[in-house]
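Following: one structure in C-alpha cells, then a few remarks.
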Amino acid sequence: MKTKLYILYILTFFTLSSAVAQEDKVTFSVKLSKEKLGLNERLKVEFTTNKQGDNFVAPNFNGFTVLMGPATSISRSWNNGKRKFSLSYSYILQPTTKGSITIDPAKITIDDQEYKSDAKTITVTDAVVNPNAPPSANDIAQENLHLVAEISKPNPYLNEAITVVYKMYVSPSIEVSGFQAVDNPKYNNFWSQDIPVKRYTTKDDTYKGEEYRSVILKRVVLYPQKTGKLTLEPLSLDVGVQVPTQRRDFFGGPIYAQANLRVSAGNRYINVKPLPEEGKPASFTGAVGDFNFLVTTSKTHLNASESLQAKVEINGKGNLKLFDIPTLNLPGSLEVYDPEHDEKVTTSYTGMEGKISDSYTIVPEYRGKYPIPSIAFSYFNPKTKKYHTLNSEELVINVVEGPTNTEDTTAKNANATTKQVVETKGKQFNFIKTQTTLKPISNTYFFKSTAYYLWLLLPILLIPIAILLGRKREAMASDVVGNKVRKANKLARKYLSAAKKTLGKKEAFYVALEKALHNYLKAKLKIETSDFSKDKITDLLNQKGIEQSTIDGFISLLKNCEMARYSPFSNVQMQQDYNKASEVISQMDKQL
C-alpha cells in the first residue's frame, strides 16, 4: 500500500513540475498577415509574448509606412486549470517600394532578460487590381488629392528668375487632417531662395476642369546657373486624409475613414537657354534683368589729405547677387583703399530687387585736378532680348590746397629740356630781401604761465576753507544731543529696514517688526531677549532708567506683533506701528 502511495506522489510531482516548466517557458514571436502583397495592399504585423514584459522596442520598418500602431492588447484565460497570458503589439504597414523587404527583429525585456523576435522577409509586387472589390480609403484619397509644382517660366534664359509654386489640390469630397514633408528638393544647378509661406490659406480652384480647393505649401525663386535641360527634384509629402464612408453615425452624420497617403509633385524639367552671343558687349559680366547704373562722389572739391567716397551703384530688378560690379579707373597719384561692398536686396516671389554698391575711399596727397573717367556697365534684358550698356559720367576731383607733386614737376621739366633749349632774358638773379615777415614758432612753457600762478595760489586759497570745515566739525562734535538724535534715527532705520520692505503684507511685516525690536535690545543691552516675557523686558528697561512712556510704547508694539497673528490689521494700522517703532527706538537710544 505504501509503495502505491509513493508512486502516486512521484507521478504527481513530475506532472506538476512539467506543467510549471511549460508555463514558465518564455516565447516572443512575430506573426504576419501575409508574406507576399501588392504595393497598394496593407500588412498586419503582430509581436506576441506569453509573459508580461517591459521596454518593447519595435524595428524601424524600413521600406514601409506605418499607418497604425502600436496597438497593445492583453488577454488572460484559464483552460483545464492552466493559466494562459498573452501580450501583443500590432502594426498596420503599407510598402513604399517593390522587392524583398526584411522586417528586423523586435526586442522586449522579460524578467530582466532581453528577448528578440525572428526577422521576416516580405515580397512586394506591383499594385494588385481587383475590379470586383470596392475602392479603399487610400484609393479614394489618391484620386481626389494632387500635389503639383507650377513653374512660372519653363524656358528661361541663363540667370533669369523663375518661380516654382507647390500647390496641393484637394477635392471637396475629402478632408486633409495633416501633412508632413518627406523629401525636400535640393535644386542642383540653381541659385535658390525660399519664400516662406506664413499662413496656409485655402481657396476655391480648378484642376483639370474640375472643382477643387487649393493651398500653396511652398514657394521658391530659382536662378539657373547652367544651360540645357535641368531637372527639378520632386517634393514628397505624407498626407493624412479623412474619406467619407457609406455608413452614418447615430445622429445621421457621415462616418469618415482615415487614410495615409504619400504624394509627390514628380520631376519637372526646365530648358535653360544660353544668352545670345550676338551683340554681347565686352563690359558684360553676367547681369540679367533691368538695371540702372550710377557713379557718384561725396565731394568734388577738397584739400589734400582729406578723404572722399566714390560709389559705384547698380539698382533695379534681376540677379543682383550673381554678377560683379565694374571697377573704377582712378589716377595712380591718388591713394585708394579697397572698396566696401554693400547689398540691400530683397527677394520676393518675382525675383531679386534692390541695389548693390562698391564704395571707394580716396585720399589725395597733392594739389591738382584728378579726372575719374567714365566706366561702362552692360546687362541683358530678357523682356527685350537685347543687351544694354550704361555709361557713367566723367567726374573731376579738384584738390584745392596742398603740396605740389614735385616729382611730376621735375619730370615735366626734364621732358621740356629734351624738347627745346630754354633761353634766359633779362636779370637772372633778383635782389635778396633783408627784412622778413617771419614769426617765431610759439612754444608753451609752464613757468610764469596762468596755470603756474593758479597752482601757486591754490594752497593759500584752501587755508580758509580748511579752517571753516574744522570749525564745523568741532561744532558737530560738541553737539552731544544732536549727535544722539542722528545716531538714534540711523539705528532705527537700520533695524526697521526689513519691516519697511514688507509693508502691506500683515504676517511678514509683524514678524519682521518683532524681530527688529528684539535685535535692537540684543545689540544695545548685549543680552538675549527672544526668550524674555514682556514683564521681564519691562523690569530690564526700568533698571536701565528708561522712561515709563517709552517702555509702554515698546511693550504695546510687542503686543501688536502677537495679536497680528490672529486678528486682521489694516495697512493704516501697519504704517502707524512702523512710525511708532521708529519713534520708540529713537527715544530709547537717547536714554540708554
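Counting non-hydrogen atoms of other residues, nucleotides and ligands closer than 6.0 Å to NZ of K311 gives a total of 12 or fewer. Under a cut-off of 6.0 angstrom, the local environment of CD in E340 is sparse, with at most 12 non-hydrogen atoms contributed by other residues, nucleotides or ligands. Atom OH of Y349 is surrounded by 12 or fewer heavy atoms from other residues, nucleotides or ligands within 6.0 Å.
Of all heavy-atom pairs spanning K167 and E150, the tightest one is CD-OE2, 3.6 Å. Closest non-hydrogen pair, V363 versus S307, comes out as CG2-CB, 3.9 Å. The two residues P274 and T227 make their nearest non-hydrogen contact at CA-CG2, 3.6 Å. When every heavy atom of V221 is checked against every heavy atom of G351, the shortest pair comes out as CG1-CA, 3.9 Å. What you find for P326 and V312 is that their closest heavy atoms are O-CG1, 3.9 Å. Nearest heavy-atom pair, V295 versus S392, reported as atom, atom and distance to 0.1 Å: CG2-CB, 3.5 Å.
In this structure, the ring of F323 has its center less than 6.0 angstrom from the ring center of F291. Taking the centre of each ring, Y200 and F179 come in below the 6.0 Å mark.
For N329, the side chain to side chain contact (heavy atoms under 4.5 Å, CB included) partners are P373, I375, not counting sequence neighbours. With sequence neighbours excluded, no residue forms a side chain to side chain donor-acceptor pair (under 3.5 Å) with K344. Residues satisfying the side chain to side chain contact (heavy atoms under 4.5 Å, CB included) criterion with K501, sequence neighbours excluded, are absent altogether. With sequence neighbours left out, T350 forms a side chain to side chain contact (heavy atoms under 4.5 Å, CB included) with K317, S348. Residues meeting the side chain to side chain donor-acceptor pair (under 3.5 Å) test with Q225, sequence neighbours left out: N159. Looking at residues two or more places apart in sequence or on another chain, you find no side chain to side chain contact (heavy atoms under 4.5 Å, CB included) involving L468. Judged as a ring pair (Phe, Tyr, Trp, His ring centres under 6.0 Å), and not counting sequence neighbours, the contacts of Y452 are F446, F447.
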_Worked verdict on I372 versus V396 for side chain to side chain contact (heavy atoms under 4.5 Å, CB included)_ = CA-CA 6 Å; I372 299 179; V396 177; over 6 Å; no
*For I397 and K369, run side chain to side chain contact (heavy atoms under 4.5 Å, CB included): C-alpha distance rounded to whole Å, both residues' side-chain angles, the deciding distance at 0.1 Å, then the answer.*
CA-CA 6 Å; I397 301 175; K369 293 185 178 180; over 6 Å; no
*asked:* With side chain to side chain contact (heavy atoms under 4.5 Å, CB included) as the criterion, how do I314 and L390 come out once you've worked through the C-alpha distance, each side chain's angles and the decisive distance to 0.1 Å?
replied: CA-CA 10 Å; I314 299 172; L390 303 176; over 6 Å; no
*Just do the side chain to side chain contact (heavy atoms under 4.5 Å, CB included) check on T296 and L294 with the steps written out, would you?*
CA-CA 7 Å; T296 58; L294 189 64; 3.7 Å; yes
Pairs under 3.5 angstrom only: tabulate donor-acceptor contacts from the side chains of residues 181-194 to other protein residues two or more places apart or in another chain.
| unit_1 | atom_1 | unit_2 | atom_2 | d |
| --- | --- | --- | --- | --- |
| Y187 | OH | Y166 | OH | 3.2 |
| D194 | OD1 | K218 | NZ | 3.3 |

Using atom types as modelled, flag every donor-acceptor pair under 3.5 Å from a side chain in residues 277-284 to any protein atom, sequence neighbours excluded.
| unit_1 | atom_1 | unit_2 | atom_2 | d |
| --- | --- | --- | --- | --- |
| E277 | OE2 | K280 | NZ | 3.3 |
| S283 | OG | S378 | OG | 2.5 |

Which donor-acceptor pairs under 3.5 Å do side chains of residues 354-362 form with protein atoms, sequence neighbours excluded?
| unit_1 | atom_1 | unit_2 | atom_2 | d |
| --- | --- | --- | --- | --- |
| D358 | OD1 | H341 | ND1 | 2.8 |
| T361 | OG1 | Q309 | OE1 | 3.4 |
| T361 | OG1 | Q309 | NE2 | 3.1 |

Review item, side-chain donor-acceptor pairs of residues 543-557, under 3.5 Å, at least two apart:
| unit_1 | atom_1 | unit_2 | atom_2 | d |
| --- | --- | --- | --- | --- |
| Q548 | NE2 | D552 | OD1 | 2.9 |
| T550 | OG1 | Q587 | OE1 | 3.4 |
| T550 | OG1 | Q591 | NE2 | 3.3 |
| S556 | OG | D552 | O | 3.3 |
| S556 | OG | G553 | O | 2.7 |
| S556 | OG | K580 | NZ | 2.8 |

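The CD atom of Q575 sits 5.5 Å away from the CG atom of L503 when rounded to the nearest 0.5 Å. We find the NZ-CG distance between K385 and N381 to be 11.5 Å, quoted to the nearest 0.5 Å. From Q573, atom CD reaches atom CG of N560 across 6.0 Å, with rounding to the nearest 0.5 Å. In this structure, CD in E514 is found 10.5 Å from CG in N519, a value given to the nearest 0.5 Å. Between the CG atom of L328 and the CG atom of L334 there is a distance of 11.0 Å, given to the nearest 0.5 Å. Note that the NZ atom of K153 and the CD atom of E160 stand 3.5 Å from one another [nearest 0.5 Å].
Residues S214 and K203 are in side-chain contact: their nearest non-hydrogen atoms beyond the backbone lie under 4.5 Å apart. With a 4.5 Å cut-off on side-chain heavy atoms, K299 and H301 do not count as touching. Counting heavy atoms from C-beta on, the side chains of P371 and E394 come closer than 4.5 Å. Within the 4.5 Å cutoff, the side chain of I585 has heavy atoms near those of the L517 side chain. Here the side chains of N398 and Y370 are not in contact, with every heavy-atom distance at 4.5 Å or above. Residues L395 and T300 fail the side-chain proximity criterion, which asks for heavy atoms closer than 4.5 Å. You'll find the side chain of L217 reaches within 4.5 Å of the side chain of L237, heavy atoms only. Contact annotation: the side chain of R268 approaches that of I151 to within less than 4.5 Å [non-hydrogen atoms, C-beta and beyond].
Pairs passing the ring pair (Phe, Tyr, Trp, His ring centres under 6.0 Å) check and including a residue from residues 453-474, sequence neighbours excluded, do not occur.
For T285 (side chain) and D324 (main-chain N/O), a donor-acceptor pair under 3.5 Å exists by modelled atom type. Using a distance-only test at 3.5 Å, with no hydrogens or angles considered, no donor-acceptor pair links the side chain of Y157 to the main chain of V288.
At a cut-off of 3.5 Å, with distance as the only test, a side-chain donor of Y510 or D577 sits close to an acceptor on the other residue.
Remark: E401 does not engage R367 in a salt bridge, criterion side-chain N to carboxylate O under 4.0 Å.
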